[in-house]
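Report on the following structure.
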2 protein chains.
Amino acid sequence: MSDSAVSPPHLEICVVVFTLQESRLKVLLIPSKDPIFADMWMLPAAPVLDCALEKAAARQIEQLTGVGEVYLEQLYTYGDPGRHPTCRLISIVYFALIPADSLLPAAEQKSGSHWFALEELPRLAMDHADILAYALRRLRYKLEYTAVGFELLPEFFTLSELQHTYELILGEKLDKRNFRRRILEAGIIEATPHRRSGEGRPALLYRYRPDAVAEVKARRLFP
Amino acid sequence: MSDSAVSPPHLEICVVVFTLQESRLKVLLIPSKDPIFADMWMLPAAPVLDCALEKAAARQIEQLTGVGEVYLEQLYTYGDPGRHPTCRLISIVYFALIPADSLLPAAEQKSGSHWFALEELPRLAMDHADILAYALRRLRYKLEYTAVGFELLPEFFTLSELQHTYELILGEKLDKRNFRRRILEAGIIEATPHRRSGEGRPALLYRYRPDAVAEVKARRLFP
DNA sequence: CCAAAAGTGTTCTATGTACACCCATGC
DNA sequence: GCATGGGTGTACATAGAACACTTTTGG
């Protein structure tokens, strides 16, 4: 079992995938198969076979959700004796944002994975609760200095939808006028000629400027 | 050689160690032993044997410099086909700050390592120049919202010495009065009753508040 | 015409920036 | 007594926070 320092530790790519459903921030989990963690859930992970780490994370997310292009960023590499009771394990963790409207429901059934709202998490195996907490911290932090919020929305969205996204993730109410001013001054989204009719006055639809994605990537602090 | 996806990739812990010598920010490098990278230098690295990643990085730094307790933080995990021409390699990179006065010169001789000023770097193997550039970016960034500067100084230091440290790392001149106000308001360092006599008026010696180390760790965005 | 959500500027506060002179010591 | 670095406060500019009413549609 854990005959330390004889064979190298196991190495896996682990992903924290967020989406927005029913006005809640949700994370993708899979049921644990290991009897040690019976009735617990885990962040999805897969053994590292080659060294294309980001591609491996993307491939894994595609298998689980059916979505190929996602916002993806390396989070941290966790390795510590005692993370896992019986084996030495190193997890390279990525985190990702997916707009709910691009998810394939079939993929979820097939993989046995499930989306959990952050307020209704099941028991998580190992240190996965810590990892998730850190991913959320980083997401909140990134939201403040870049405009990744739109990565969780469909291609066209209203400013109110975007603001609600921010409020959900940050866990606080924001001022409408200040929010609009800042987000527009950031120049990452732009108005389209279309409108959406709903209950009240129809809202202008916005989309992120396609060339702004590169800009967001350039602005990020993590390579 | 590179029969991909048959055996798992090689995994190493790599360290970017900064210190301050002769009014210059320096980084610790070792000469490459691999003939592919003849006459190039590298960031120190060692194969991963167990999964105590941070301890492994600390151990490596102690072997190279003789210093046991250092400021240490995980930087990023690099893995990409094409990083190394002949083998698949994943590097978990840490970065560290060491006060120059605690270095053991003997350790440097024994390991063949050498301190290079950032303005006079030799050719670096693989993507190590990128890694180093990112480590510097992160150091500069951290300096702005925490007060890690004192990690490069001896136990007792003057405010001018601390300011010069900041100026060196950030690469710009800072206003003396504003610097002092901010650094003291941050509450991370405290005056001692001692003074240092030098050329002009003797300067008060400061040290960081021992209980502030935990605070700095708590404030950091990376776990 | 009423309910429901969209849209829009200004004032105040706090934070950061620029800036110049006196002080204590060694030689 | 003079050269050298140490030490101190204030005015101004900029960024962020608080705040309330009018507009457009559907029912």
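Naming convention: chains lettered A, B, ... in sequence-line order (proteins, then strands); numbering from 1 in each chain. Side chains included, hydrogens not; waters and symmetry mates left out as well; all remaining heavy atoms used.
With a heavy-atom cut-off of 4.0 Å to chain A, the contacted part of DNA chain C has its first and last nucleotide at C:dA4 to C:dT10.
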- Task: In sequence, state the C-alpha distance, the side-chain angles, and the governing distance for B:Val148 and B:Glu73, and then conclude on side-chain contact (heavy atoms from CB on, under 4.5 Å).
- Result: CA-CA 11 Å; B:Val148 287; B:Glu73 176 178 309; 6.0 Å; no
*Check the pair B:Glu151, B:Lys142 against salt bridge (charged side-chain N to carboxylate O under 4.0 Å, His left out), reporting the backbone distance first and the verdict last.*
CA-CA 12 Å; B:Glu151 304 277 3; B:Lys142 278 213 94 96; over 6 Å; no
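Against DNA chain C, the stretch residues 155-166 of chain B makes no heavy-atom approach under 4.0 Å.
Using cut-offs of 30° and 60° for the angle between ring planes, the A:Phe157 and A:Phe150 rings count as parallel.
The phosphate of D:dA17 (OP1 or OP2) has a side-chain N or O of A:Arg182 nearer than 4.0 angstrom.
A pairwise comparison of heavy atoms in A:Gly112 and A:Trp41 identifies O-CZ3, 4.1 Å as the closest pair. The heavy-atom pair separating A:Trp115 from A:Gln21 by the smallest distance is CB-OE1, 4.0 Å. Contact between B:Ala107 and B:Gln63 at its shortest, heavy atoms only, is CB-O, 4.1 Å. Across B:Gly149 and B:Thr165, no two heavy atoms sit closer than the pair O-CG2, 4.0 Å.
With 3.5 Å as the limit, one finds a donor-acceptor pair spanning the side chains of B:Glu12 and B:Ser91.
We find that CD1 of A:Ile183 is positioned 14 Å from P of D:dA17, with the value rounded to whole Å. Here the C1' atom of nucleotide D:dA13 and the CG atom of B:Asn178 are 13 Å apart, to the nearest Å. Between the CG atom of A:Leu184 and the C1' atom of D:dG16 there is a distance of 17 Å, given to the nearest Å. With rounding to whole Å, A:Phe179 atom CZ is found 17 Å from D:dA18 atom C1'.
Looking at A:Arg177, its side chain has no donor and acceptor atom pair within 3.5 Å of the base of D:dA17. The base of D:dT23 is paired with the side chain of A:Arg201 by a donor and an acceptor separated by under 3.5 Å.
Nearest-nucleotide mapping onto DNA chain D: of A:Arg181 and B:Asp175, the residue sitting toward the 5' end is B:Asp175. Comparing A:Lys176 and A:Glu199, the nucleotide of DNA chain D nearest to each residue sits closer to the 5' end for A:Lys176.
Residue-environment remark: CZ (B:Arg140) exceeds the threshold of 12 foreign heavy atoms within 6.0 Å.
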